[in-house]
Amino acid sequence: MLSIVEIDFGTPPLRTVEQVSLQIDGVSVRVPAGTSVLRAAALAGIRIPKLCATDMLEAFGSCRLCLVEITGKKGYPASCTTPVEDGMRVATQSRKLADLRRGVMELYISDHPLDCLTCPANGHCELQDMAGVVGLREVRYGYDGANHVYPEMKIEEPGQEWPVRDSGDPGRSHGRPANPLFAARDESNPYFTFDPSKCIVCSRCVRACEEVQGTFALTIQGRGFESKVAASQDQSFLDSECVSCGACVQACPTATLSEKSLIAHGQAEHSITTTCAYCGVGCSFRAEMQGEQIVRMVPNKDGHANHGHSCVKGRFAIGYATHPERITKPMLRAKISDPWRIVSWDEAITHVASEFRRLQATYGRDSIGGITSSRCTNEETYLVQKLVRAAFGNNNTDTCARVCHSPTGYGLKSTLGESAGTQDFDSIESTDVMLVIGANPTDAHPVFASAMKRRLRAGARLIVVDPRRIDLVRSAHVQADYHLKLRPGTNVAVLNTLAHVIVSEGLVDEAFVAARCESDAFEQWRAFVADPRHSPEAMQAETGVPAELVRGAARLYASGGNAAIYYGLGVTEHSQGSTAVMAIANLAMATGNIGREGVGVNPLRGQNNVQGSCDMGSFPHEFPGYRHVGDDAVRTQFERAWGVPLLAEPGLRIPNMFEAALDGEFKGLYIEGEDIVQSDPNTRHVTAALSAMECVVVQDLFLCETAKYAHVFLPGSSFLEKDGTFTNAERRISPVRKVMQPPGGHADWEITQLIANAMGYPMHYRHPSEIMDEIAALTPTFAGVSFARIDRLGSIQWPCNEQHPEGTPVMHVDTFVRGKGRFLRTEYVPTSERVNGKHPLLLTTGRILSQYNVGAQTRRTANSIWHAEDVLEIHPHDAEERGIADGDWVGVESRAGDTVLHARVSERMQPGVVYTTFHFPESGANVITTENSDWATNCPEYKVTAVQVTRVTQPSEWQQRHETFSRRQRALVDDDAYIQPG
Amino acid sequence: MKAHVDHLVTMANDIAHFFAVESDRAKAADSVARHLKQFWDPRMRRRILAHLTAGGAGLEPLAAAGVRRLAELDHVTVA
């Protein structure tokens, strides 16, 4: 079912420039050439009846309802499949058309239940609407014959023997013939139902699964009247290949596919446009509401990042906001072994302020700090770094981008001059070759993965560089041309070999390099990568990638047309994460693949606001807009605006805070929305550091792992409960809008403001828009950004300033931000984390589609039906060597620690490499990961840990201790602290 | 305390590994020092400088040269 506020224009828009003029019902219309008559009419406000057409899908021409008359043409062509022509004269209404449409509708309704008053689609059903539009007044055919509506036949036809079976319908009288065409409702999916009795076989769901999502899980099974929608091999939706993106549900014109929340609540009465709080795609949604009750989330067709598509997380997994474990009262305790005491906001804030001031008085100004999450809005992260710099008086501020994309910031700034990706997502529509390295878009960035797959189906070529056989390597109608299945930890080596081939085979875009890049640095780089030690042949023993594959991939990337690189945490979360980012930028510059549509360097950010939290000055060494605290001019500007002197020295990064805590120098931490105990590496090191602090303040929705080590709990707000903005992976600033009140009473930015005021530093923002106004005044790349402009444009890609008042989709067009592009030599330095006799396997970690990050949100939704625990993927060879069968408990031991997981034997892995996710705290994935980190930014080396795997029979000691500790911690929370049933 | 100094030594060596590609050693050492100056909290810098003064155990030559150059940038005297 479509959104309650969107207009369906019937067929998708076209990008063609040429315009044609025609007349529809006497109205002059001018539209792009190639536009369908149906869409042209809709653009002119003329609604032609339709059922199988919708503007999210290509025209199909099956329902025969959108027929029109065209002067000079015979018959009654379907307006959805008929393109406009210059001078065309179209009539959408006539007696004949009315008769035809009524006849079509009569046939549809003759095989459709007449339970409209109790149907979930009532009030927003396209079939019902069309029956009204065409003036259907009778259905002559009845239900006595073959139909899909009833579980049993009403009248046995003479001479026809119907099989007798129990339909499962309690109201059915036994012994009457069963209806072989009837199929019972499929309730298997936790979020939507499939009721075949209401299906009109318009194929919109099937086409949405193919065209929009690209999964091809649905099909039309059978022929003629026996045609029906089937999932995979006529399986239940849950058991099929369906990824629950919901595109089919959105496309369905009847109640055949309906959200269970819609069935429960009924039609929404208003709609608010906001932005998803999950991954870095940053999908725009319409929250369709009844008062403060969310009826359903519908991806926004006008959303610039997602164009009306979504994934199972964004569309469905929002129940966490009202989950019974949500804590809504401020709480205090002196020691973590004490019960939590519910207190007033006043008492909690006063306590935080006095404790932080006490710690500073006792241990020094620099003994406290603050951390934000990329799940927070721009305005919130800005405010926390301001609190730290202006009220705490130090620069000990950091954000979770430290542990994911901090190398992107460093690597791209060093080479291109700006710490951000170069393109918009739509750029991929002009891409000829995709190089995907260290990213798994179908799981981690599913909506963008659908756009990638769409382009691949249209003929673009694909290179995948990844230790695992990710879905993109081979899935429905997609197959990578090259899969460089490298050994974990050898990204830089592989990137250097690609560069070697480009340089040594004359594939450099010399004109681009000469015009756009620093010549001395380029020549140094050219000589560096040309060295035979960087050849694919010399490196294949180290990387594990056959030389001929590297050469083929390099040639394709350099000479296959517009080539774009997409990368993720598989690039950054290494000891050479920053070096790999530089090597990627080098490749793009050397081949001239930067500065126009279809090319570029595109970091796929993990969380929704990674880009934004970095933009907002969350790192300890730089102010908003990536300007170093040591820059006197910039610092003076902030000192004037904020009215206090500011430090010129960088503060502590997250891992440095832990070290300082263990040294007794760091005693207090304000943590907004980040669960460092679960997400940061070497869990025991993190918990030891927190245990060494005297005041840990956690502002969160739940008693997360970190909160179990906290002394103050401040109930935070979800993205549904506040106003603000998120900035996605393409630098797109999108609106976050409050759809319900925060149950704790305050939005997060308000809590930060309360702390600042209590500490004696005044903050008096009345609304997040005022915070954005301050950001714009102090940050050149945000100079033109305001809530009013975002509302007007829908979203804005920074830089947004006088030169680019509506934002900048593609960066570095005529010149690089830093002037000339700078090649940097990227020596491969093997990680110190090497396999040995004791730890002979390499563990690498990642994500899965249904869960998100530490799982705090998705674990508290029905998404766990798809992924109820983290498992260890292991190659059959390694499993057999260890006597491990699929499903066995296995111990995973590294030099940092050990844990126990269930094994999944899988050929997705290469021999010698094992893989797990980190969505469940009890998995202890980060008990195993080590303190190794990126040389430039301290981003942890999550992707390479030497381990041994053995078959075991019980959880690890750490897991047993964790279970006991967690149970005790939950028992320390008063029941009154939890959200009360509404 | 020692363990944390060791970690700083490892970090300094890692930084030096990146800049080691520069054949002009003075330039490479300067790059190491400027990276430390730009990204390390003053406490961390003081600790690594003190460690150098105490002999600099574990610091590889370019890392040690970088820390020595850092002393100049931070106007600190090291032995």
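Excluded from the calculations below are hydrogen atoms, water molecules and symmetry mates; all remaining heavy atoms, backbone and side chain alike, are included.
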A:N394 versus chain B, the contacting section by heavy-atom distance below 4.5 Å
neither
With respect to chain B, which residue among A:P620, A:A936, A:A660 yields the maximal number of heavy-atom pairs within a distance under 4.5 Å?
A:A936
Aromatic ring centroids of A:W935 and B:F19 under 6.0 Å?
yes
Side-chain touch B:M44/A:P650, heavy atoms, less than 4.5 angstrom
no
Inter-residue atom distance A:R653.CZ - B:D41.CG, 0.5 Å rounding
9.5 Å
Atom NE2 in A:H628, atom CD in B:Q38: separation rounded to 0.5 Å?
4.5 Å
Counting neighbours of CG on A:D520 that are heavy atoms of other residues, nucleotides or ligands and sit closer than 6.0 Å, is the number greater than 12?
no
When you measure from the side chain of B:H17 to the backbone N and O of A:V829, does any donor-acceptor pair fall under 3.5 Å?
no
Decide, yes or no, whether a salt bridge links B:R47 with A:E665 under the criterion of side-chain N to carboxylate O below 4.0 Å.
yes
Assert yes or no for the condition that the ring centre distance of A:H621 to B:W40 is strictly below 6.0 Å.
no
Side chain, backbone, both or neither: which part of A:S933 has a heavy atom under 4.5 Å from chain B?
backbone
Nearest heavy atoms of B:V21 and A:R825, plus distance in Å
O-NH1, 3.5 Å
Quick check for you: to the nearest 0.5 Å, what is the distance between A:N932 atom CG and B:D14 atom CG?
7.5 Å
For chain B, find which of A:L662, A:D934, A:T579 contributes the most heavy-atom pairs closer than 4.5 angstrom.
A:L662
Close side-chain approach of B:M11 to A:N938, heavy-atom, < 4.5 Å
yes
So which part of A:M657 gets closer than 4.5 Å to some heavy atom of chain B, the side chain, the backbone, both or neither?
neither
Smallest separation among heavy atoms of B:R43 and A:D366, with atom names
NH2-O, 3.1 Å
Chain B heavy atoms under 4.5 Å from A:Y410: which part of the residue, side chain, backbone, both or neither?
side chain
So B:F39 and A:E622, do their side chains get closer than 4.5 Å, heavy atoms only?
no
If I measure from the heavy atoms of chain B, does A:Q576 come under 4.5 Å with its side chain, its backbone, both, or neither?
neither
